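Worth saying up front: this structure is predicted, and the values here are computed from it rather than measured. Proteins get letters first, then strands, A, B, ... in listed order; numbering begins at 1 in each.
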Number of protein chains: 2
Amino acid sequence: MSDTNRQATFRGYGRSLPMALLRARDTVMNRFRPILRSHDVTEQQFRILRALTTAKELRAVDVSKMTLLSPPSLSRTIKGLEGRKLITRRIEKEDQRAFMLSITKKGAALVALIGQQSEAEYLDIEGRIGSKKMDQLHRLLSEVEEKI
Amino acid sequence: MSDTNRQATFRGYGRSLPMALLRARDTVMNRFRPILRSHDVTEQQFRILRALTTAKELRAVDVSKMTLLSPPSLSRTIKGLEGRKLITRRIEKEDQRAFMLSITKKGAALVALIGQQSEAEYLDIEGRIGSKKMDQLHRLLSEVEEKI
DNA sequence: AAAAACAAGTTGATATGTTAACTATTGTTA
DNA sequence: TAACAATAGTTAACATATCAACTTGTTTTT
């Protein structure tokens with residue numbers, strides 16, 4: 001549909017920010033999905049594992065926020081990761097409602113391995129886009145998060 | 001974790017493009033979710049409806065690509081939309097495997113209404129980010145799609 | 001301190017996503 | 001043209017997402 005004959009109230013398909021972000025993410029993830037898959041790790045599981053590499057321990061609620069996984073999803077996904085000995089959990093003494101999650105050595109090794117394999121893809125992506133534009137994109141995305 | 005003492009092979013949480021795109025999209029969608037919800041329309045349903053406003057008829061497979069919904073998801077979601085008389089389908093004569101989907105008047109009216117209500121949010125977002133940066137962001141996202 | 005409000009996490013019901021297998025049709029090739 | 005391959009869509013099985021309700025523990029109010 002042309003830009004001139006569409007309804008005035010209708011924002012063209014190409015100008016929908018959520019769709020643009022979704023398509024871009026899908027495009028990028030196409031590069032990484034085979035890697036994750038080869039290690040039998042889902043996107044969501046990897047988000048959790050990677051979040052846990054940023055600290056010795058993290059409260060479940062904070063992991064939920066970092067990974068954008070809802071508490072129920074996190075709760076269920078954690079079970080599998082625990083079963084595979086990729087993470088551990090313990091109850092926080094100060095607040096007995098809270099769980100503290102940590103990544104195990106095995107989990108950290110897996111994240112490191114996947115990270116290594118992903119790095120080649122990242123470098124290729126940066127090569128295609130250019131590091132300057134890449135920085136620009138990251139800055140703009142941060143701005144969206146902060147200002148909206 | 002500081003930038004200096006993390007493993008060299010590990011790309012920091014903030015520099016993950018997929019996460020940055022996911023967070024940005026989530027932030028933006030927080031503005032629109034209440035509107036969709038008030039009309040009893042899910043994100044996925046709205047993506048389909050809106051795709052169908054861009055042409056008189058579309059092949060299901062094309063809607064699937066436009067909306068980034070997998071064929072099974074599309075197939076199921078369509079049933080609900082048909083049941084609510086928001087879309088119709090007919091078999092393509094030239095290719096009897098294919099379904100042609102169209103939006104109904106009722107569906108178009110719903111999209112227009114949601115579009116109107118969303119426009120206020122879009123304007124607010126543009127106001128906060130600035131239309132120049134907004135254009136920049138759209139351009140960069142398109143570039144990611146094209147070059148990767 | 002008791003009551004109320006709030007917060008962390010889990011569970012259950014239902015919807016949606018994903019993969020593989022399948023049917024039907026169309027396109028290609030030997 | 002017969003055989004094979006590819007495409008469109010659906011279905012089934014299973015994983016994950018979502019929403020509400022619930023349990024337990026903590027904080028705030030009165």
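OP1 or OP2 of D/dA8 has not a single side-chain nitrogen or oxygen of B/K65 nearer than 4.0 Å.
Residue B/E94 contributes atom CD, which lies 22 Å from atom P of C/dA24 at whole-angstrom precision. Atom CG of A/L58 and atom C1' of C/dG9 are 16 Å apart (whole Å). Atom CZ in B/R59 sits roughly 16 Å away from atom C1' in D/dT10 (whole-Å rounding).
Not a single donor-acceptor pair, N or O on each side, falls under 3.5 Å between the base of D/dT24 and the side chain of A/R97.
Nearest nucleotide to the B/A60 side chain, out of D/dG9, C/dA8, C/dT10: D/dG9. Minimum atom distance to the side chain of B/S75 is reached by D/dT10, of the listed C/dT11, D/dG9, D/dT10. If you check C/dT11, C/dT26, D/dT26 against the side chain of B/D95, the one that comes closest is C/dT26.
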Under 3.5 Å, sequence neighbours excluded: what are the donor-acceptor pairs made by side chains of residues 79-87 of chain B?
| residue | atom | partner | partner atom | Å |
| --- | --- | --- | --- | --- |
| B/E82 | OE1 | B/R89 | NE | 3.2 |
| B/E82 | OE1 | B/R89 | NH2 | 3.2 |
| B/R84 | NH1 | B/D40 | O | 2.8 |
| B/R84 | NH2 | B/D40 | O | 3.1 |

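In this structure, the side chains of A/L74 and A/Q44 stay at 4.5 Å or more apart for every pair of heavy atoms.
Qualifying side-chain hydrogen bond (donor to acceptor under 3.5 Å, both in side chains) partners for A/E92, counting only residues two or more places apart in sequence or in other chains: none. Looking at residues two or more places apart in sequence or on another chain, you find a side-chain hydrogen bond (donor to acceptor under 3.5 Å, both in side chains) between B/R90 and B/E57. Residues forming a ring-ring contact (aromatic ring centres under 6.0 Å, His included) with A/F32 (at least two apart in sequence, or on another chain): A/Y122.
For A/T67 (side chain) and A/V63 (main-chain N/O), a donor-acceptor pair under 3.5 Å exists by modelled atom type.
Atom NZ of A/K56 sits about 12.0 Å away from atom CE of A/M100, to the nearest 0.5 Å. Annotation: the span from A/D62 atom CG to A/L101 atom CG amounts to 9.5 Å, rounded to 0.5 Å.
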Open item on the list: Each nucleotide in nucleotides 12-19 of chain D should get exactly one letter: B, S or -. Can you fill that in based on protein heavy atoms under 4.0 Å?
Closed with: -B--SSBB
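Along DNA chain D, the nucleotide nearest to B/M100 and the one nearest to A/Q96 differ in position, and the one closer to the 5' end is contacted by B/M100.
A salt bridge between B/R128 and A/E143 is absent, with no side-chain N of the basic residue lying under 4.0 Å from a carboxylate O of the acidic one.
Using a 4.0 Å cut-off on heavy atoms, none of the residues of residues 81-92 of chain A approach DNA chain D.
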